[in-house]
Participant: 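One structure coming up, written as structure tokens, with questions to follow.
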Amino acid sequence: MIHLTYPFTKDQVLALKVGDEVAISGIIFTGRDAVHKYLHDGGELPPGVNLKEGIIYHCGPVVLKDEQGNWKVTAAGPTTSIREEPYQGDVIKKFNLRGVIGKGGMGDRTSAACKEFGCVYLHSVGGAAQVLAECVKKVRNVYLLEEFGSPEAIWELEVENFPAFVTMDAHGNSLHKEVLSISSEQLAKHI
Amino acid sequence: MSELQDSLVELIRRASAEIPSDVNDAIIQSLENEKKGTIAESALKIIERNIELAKRKSQPICQDTGSIIFYIECPVGYDQITFEETARKAVTLATKKGYLRQNSVDSISGKNDGTNVGPGAPIVHFHQHRSPELKVSLMLKGGGCENVGAQYSLPHEKLKAGRDLDGCRKVILDAVLQAQGKGCGPGILGVCIGGDRATGYEYSKQQFLRRIPDRNKMPELDELEQDILKTANELGIGPMGFGGKTTLLGVKICAANRLPASYFVSISYMCWAFRRQGFVLNGESAIERWLY
Ligand code: SF4
């Protein structure tokens, strides 16, 4: 288990390789379809959002306000990442991202951007909404809530020991590609 | 509020927060089988912890609380209209209580009114039987796994799959390969051989009402189920597609008559967050016993 703490440095990220298990602590920002399209189309980051050396999490959390008016995350599993494939590489480059958390893996363009700019894809466990919500210690802020609605907004979260797995590293390796090729070969033997 | 509505809200809560015991057993078994120290094992441990946590907190196992599908077996002459109205109210209430995410979108306007009720939502299937019992089953089926479902029309040239059981085997295994880990595996397959494009998928989903250890009564289909389960688990796709020993937890196959001109194989994929529950009502509304 490798501990990653915000801010995520390039050296930290370059040291990671496919198959590593990480526990992330510090600040991360959520962003899914609306945010990626917005940033890709030239949208400005709202003041307060700093993605430099940061991690973006493909997640539409369920967030409720408690009696004291504080936000509380009640479910926070990943959403399918491949939908952001047309935008991700660009967003990595433009904002100096060090990590992307999601599920299902991403394609060649993202992989190339990870290699070129020093970023990794971190796969969290799909469906593990409760375990992952428990890792969110605090909701620090929310941006673009009015514009995009709750699941699509940018949530600034403070997480502790958030578990994820490196499935695409900064050296061009992808576990998803590897497993696809191995399983295709295996299947050919059984048919 | 009617007692039936109360019972249905409780059914939804239980379905959303508590994994049926047969699925839980299968996940624990796969955790034991997985190679120690691998990320596949770690992923399954997180899944196991998530199941336990959701139950304890009475919170959705997965935030995608899915399509809400009711299957009802009712006595002859049962008032289906009232049941459906009550089910819609129960879904709205369960959403307010947070057992279900606001998960239903108007396909034209893109609006989500937050009730989970609208055209085609929830889905309600009635079936009459000659018994005084009212049996209600509920399945919550997430979007990630629904997206990896597939329907093949045989013969399939590229896969060299002809119109026989061997052809069926080839396309079913192809669906497993294409899905990789994207349906939040380890998954369960529901398959229908035959039918038309609509009923094929319909029956494939109904296979999920069978318990995981349940064996098929038709010897040919039983053999195919066991073979696909074994072969899929030799492909090395593994939990979440991380590589590993458990790609599937179960395979359930049925057959329906087809037209001479068509031969469909319809495959539905259910994620590890396999949420189904059901009950038998005693009289009109109180829960007599749980089905899973
Ligand atoms: S596929 Fe299943 S486990 Fe995965 S996110 Fe969807 S509902 Fe949850």
Participant: Could you tell me which of A:Pro163, A:Gly126, A:Gly149 has the largest number of non-hydrogen atom pairs under 4.5 Å with chain B?
Facilitator: A:Gly126
Participant: Out of A:Leu175, A:Leu64, A:Val125, return the one with the most heavy atom pairs under 4.5 angstrom to chain B.
Facilitator: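 Sorted descending by pairs with chain B, the first entry is A:Val125.
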Participant: Does a side-chain heavy-atom distance below 4.5 Å link B:Leu173 with B:Leu177?
Facilitator: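 In short, these two side chains do not touch, never coming nearer than 4.5 Å.
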Participant: Is chain A contacted by the side chain of B:Ala273, its backbone, both, or neither, given a heavy-atom distance below 4.5 Å?
Facilitator: neither
Participant: Roughly how far, to the nearest 0.5 Å, is the NE2 atom of A:His40 from the OH atom of A:Tyr87?
Facilitator: 7.5 Å
Participant: Using non-hydrogen atoms and a 4.5 Å limit, figure out which bit of B:Cys62 sits close to chain A: side chain, backbone, both or neither.
Facilitator: both
Participant: Please list, chain by chain and in numerical order, all residues satisfying ring pair (Phe, Tyr, Trp, His ring centres under 6.0 Å) with A:Phe8, sequence neighbours excluded.
Facilitator: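 So A:Phe8 forms a ring pair (Phe, Tyr, Trp, His ring centres under 6.0 Å) with A:Tyr6.
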Participant: Can you measure from CD1 (A:Ile191) to CG (B:Leu159) and round to the nearest 0.5 angstrom?
Facilitator: 7.5 Å
Participant: Less than 4.5 Å apart, side chain to side chain, heavy atoms only: is that true for A:Leu39 and A:Leu51?
Facilitator: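 The answer is yes; the side chains approach within 4.5 Å.
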Participant: For chain A and chain B, give me every donor-acceptor pair shorter than 3.5 Å, distances to one decimal.
Facilitator:
from, atom 1, to, atom 2, distance (Å)
A:Glu21, OE1, B:Ser42, OG, 2.9
A:Glu21, OE2, B:Ser42, OG, 3.2
A:Ala76, N, B:Gln63, OE1, 3.4
A:Gly77, N, B:Gln63, OE1, 3.2
A:Gly77, O, B:Gln63, NE2, 2.5
A:Gly126, O, B:Trp272, NE1, 2.9
A:Gly127, O, B:Asn50, ND2, 3.4
A:Ala129, N, B:Asn50, OD1, 3.4
A:Gln130, N, B:Asn50, OD1, 2.8
A:Gln130, NE2, B:Pro60, O, 2.8
A:Val131, N, B:Asn50, OD1, 2.9
A:Glu134, OE2, B:Lys57, NZ, 3.3
A:Ser183, OG, B:Gln180, NE2, 3.0
A:His190, O, B:Arg169, NH1, 3.0
A:His190, O, B:Arg169, NH2, 3.1
A:His190, NE2, B:Glu234, OE1, 3.1

Participant: With heavy-atom distances below 4.5 Å as the criterion, would you say the side chains of A:Asn141 and A:Phe29 are in contact?
Facilitator: no
Participant: What option among A:Ile182, A:Leu180, A:Val18, A:Val62 has the most heavy-atom pairs under 4.5 Å with chain B?
Facilitator: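 Looking at each option in turn, the highest pair count goes to A:Leu180.
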Participant: Which region of A:Pro61, side chain (C-beta onward) or backbone (N, CA, C, O), has a non-hydrogen atom less than 4.5 Å from a non-hydrogen atom of chain B, or is it both or neither?
Facilitator: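 Backbone only.
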Participant: Mind ranking A:Gly127, A:Pro151, A:Gly19 by heavy-atom pairs under 4.5 Å with chain B and telling me who comes out on top?
Facilitator: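 Option with the greatest count: A:Gly127.
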Participant: Taking C-beta and beyond as the side chain, do A:Ile24 and A:Ile55 meet within less than 4.5 Å on heavy atoms?
Facilitator: yes
Participant: Would a 4.5 Å heavy-atom cut-off, applied to side chains only, mark A:Met106 and A:Ser111 as touching?
Facilitator: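 Not touching, per the 4.5 Å side-chain cut-off.
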Participant: Of all of A:Gly105, A:Ala133, A:Gly77, which one pairs up most often with chain B through heavy atoms under 4.5 Å apart?
Facilitator: A:Gly77
Participant: How far does CD1 of B:Ile193 sit from CG of B:Leu224, to the nearest 0.5 angstrom?
Facilitator: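 So the gap between those two atoms works out to 5.5 Å.
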Participant: Do B:Ile12 and B:Leu138 make a side-chain contact, defined as non-hydrogen atoms from C-beta onward lying under 4.5 Å apart?
Facilitator: yes
